[in-house]
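Take a look at the structure set out below.
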Amino acid sequence: MATLSASPSPNPNPNFRSPTDQTDHDPESLPHMELHPSSDQDPTPNSNPNFHAVLPTPPEAIAPAAAAAPSLLHISFNQDHGCFAAGIDHGFRIYNCDPFREIFRRDFDRGGGIGVVEMLFRCNILALVGGGPDPQYPPNKVMIWDDHQSRCIGELSFRSEVRSVRLRRDRIVVVLEQKIFVYNFADLKLLHQIETIANPKGLCAVSQGVGSLVLVCPGLQKGQVRVEHYASKRTKFIMAHDSRIVCFALSLDGQLLATASSKGTLVRIFNTVDGSLLQEVRRGADRAEIYSLAFSSNAQWLAVSSDKGTVHVFSLKINGGSPGVLPKYFSSEWSVAQFRLVEGSQYIVAFGHQKNTVVILGIDGSFYRCQFDPVNGGEMTQLEYHNFLKPEAAF
């Protein structure tokens with residue numbers, strides 16, 4: 001799942017100190033877990049879609065008087081790409097993609113910076129991490145927010161800053177600089193710990209299809225990814241690139257993995273079960289920083305965004321995404337469709353719910369919905385544009 005952070009510095013807030021890395025490996029450094037005391041609270045997510053109604057603003061969350069556009073700290077899609085979340089310098093906002101509209105916002109009057117907002121499909125549970133120069137919560141804590149109650153119902157504390165969070169209906173995955181923790185959602189019980197190479201971007205992907213969890217994270221050496229198949233209790237290491245891994249994405253069922261390195265010229269697609277290379281596609285000839293990768297729901301297409309200002313869509317020739325039927329390896333292929341953006345700005349991309357559409361989000365607050373021609377390819381057609389940070393975008 002694609003995410004963008006506007007703050008690349010390891011510790012954006014000098015008031016919160018990051019302990020040394022080795023404390024994460026001590027027995028005493030296991031995360032502290034705490035459910036806020038209340039006998040009638042249950043951290044189990046509510047799968048009933050209920051993000052459609054704008055909920056009343058709690059007393060402690062008062063909108064700031066200034067109407068200026070907020071500073072964007074984080075953007076990410078939810079698991080089915082139907083919504084996206086924005087963490088800002090005084091709260092967070094949730095938006096629907098198609099049709100585009102703001103669903104609700106939470107503005108905090110005391111500090112309020114949110115550096116990570118992780119949705120769980122469209123249910124009322126979110127994971128929040130403080131961020132920015134004046135964070136709402138310490139950046140070493142994951143806060144479990146229940147928007148029905150407009151407050152946090154649980155928290156996970158760590159000895160170092162949280163880089164990212166991934167949610168499933170049955171799991172919470174917390175990513176630190178060199179360690180990943182996997183929890184059971186219902187009781188916050190720690191199930192698994194994984195050590196990784198330095199991972200400042202918090203790279204991690206989890207499958208979202210019905211069935212067992214597949215988790216992908218960096219391995220312990222440059223260019224390596226680790227795939228955890230929890231159903232079969234198997235771990236697969238894949239040497240995906242010679243250079244450092246900067247981005248990857250899983251297909252919905254966790255069977256396919258797309259990876260990109262710091263060179264940014266090639267994207268490789270692997271079978272997660274046996275680690276075999278299925279296809280290689282070429283973004284361009286020049287080096288680029290890949291910001292996001294996304295599979296379409298049927299794994300027929302792959303979208304790529306980079307700092308070159310172009311979103312590419314590639315055709316995947318993997319027999320509908322079925323693993324096990326391995327085509328002969330063929331030379332890298334160029335994209336079939338493109339959409340031009342501002343070069344140098346950061347964008348993340350996902351496929352829309354309407355056929356052959358792509359949704360693009362920018363760290364500048366831009367929202368694009370585009371359509372591509374699956375037969376003739378070429379330049380995509382822009383269907384929609386909004387700036388979701390502007391006050392008039394709220395309704």
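Values below: all heavy atoms of this structure, side chains included; hydrogens, waters and symmetry mates excluded.
- Between L257 and V216, the shortest heavy-atom distance links the atoms CD1-CG1, 3.9 Å.
- The distance between the ring centers of W145 and F108 falls below 6.0 angstrom.
- With sequence neighbours excluded, the residues satisfying ring-ring contact (aromatic ring centres under 6.0 Å, His included) with F372 are W301.
- F339 is linked by a ring-ring contact (aromatic ring centres under 6.0 Å, His included) to Y368, counting only residues two or more places apart in sequence or in another chain.
- Using modelled atom types, one side-chain atom of S76 and one backbone atom of V117 make a donor-acceptor pair closer than 3.5 Å.
- In this structure, the side chain of Q79 engages the main chain of F121 through a donor-acceptor pair within 3.5 Å.
- Applying the side-chain contact (heavy atoms from CB on, under 4.5 Å) rule to V129 yields the partners V116, V142, V162, V165; only residues at least two apart in sequence or on another chain are considered.
- By the criterion of side-chain heavy atoms lying less than 4.5 angstrom apart, applied directly or through intervening Ile, Leu, Val, Met, Phe, Trp or Tyr residues, L256 is not grouped with L252; the two fall into different hydrophobic clusters.
- Residues Y385 and V311 share a single hydrophobic cluster, defined by chaining ILVMFWY side chains whose heavy atoms lie under 4.5 Å apart.
- With hydrogens and angles disregarded, no donor-acceptor distance shorter than 3.5 Å links the side chain of K317 to the backbone of Q279.
- Taking both residues in full, the closest heavy atoms of A86 and L72 are given as CB-CD1, 3.6 Å, listed atom of the first, atom of the second, then distance.
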Trace of the side chain to side chain donor-acceptor pair (under 3.5 Å) decision for Q300 with N298: CA-CA 5 Å; Q300 183 181 359; N298 61 1; 3.2 Å; yes
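- Taking the six-membered ring wherever Trp is involved, the centroid distance between the rings of F367 and Y95 does not fall below 6.0 Å.
- In the hydrophobic clustering of this structure, I360 does not group with L383; members are Ile, Leu, Val, Met, Phe, Trp, Tyr whose side-chain heavy atoms approach within less than 4.5 Å, directly or through other members.
- Judged by distance alone, the side chain of Q208 and the main-chain N or O of R169 form no donor-acceptor pair under 3.5 Å.
- Applying the ring-ring contact (aromatic ring centres under 6.0 Å, His included) rule to pairs touching residues 199-241 yields H192-Y230, sequence neighbours excluded.
- Applying the salt bridge (charged side-chain N to carboxylate O under 4.0 Å, His left out) test to residues at least two apart or on different chains, the pairs with a partner in residues 211-233 are R226-E228.
- When atom types are taken as modelled, the side chain of N140 and the backbone of F158 share a donor-acceptor pair closer than 3.5 angstrom.
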Which donor-acceptor pairs under 3.5 Å do the side chains of residues 349-356 make with protein atoms, sequence neighbours left out?
{"from": "H353", "atom 1": "NE2", "to": "D80", "atom 2": "O", "distance (Å)": "2.9"}
{"from": "Q354", "atom 1": "NE2", "to": "D98", "atom 2": "OD2", "distance (Å)": "2.7"}

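- Looking only at distances, no side-chain donor or acceptor of R163 sits under 3.5 Å from a matching main-chain atom of L203.
- T272 places a side-chain N or O within donor-acceptor distance of the main-chain N or O of G254, the cut-off being under 3.5 Å.
- Between the E384 side chain and the V359 main chain, no donor and acceptor come within less than 3.5 Å of each other.
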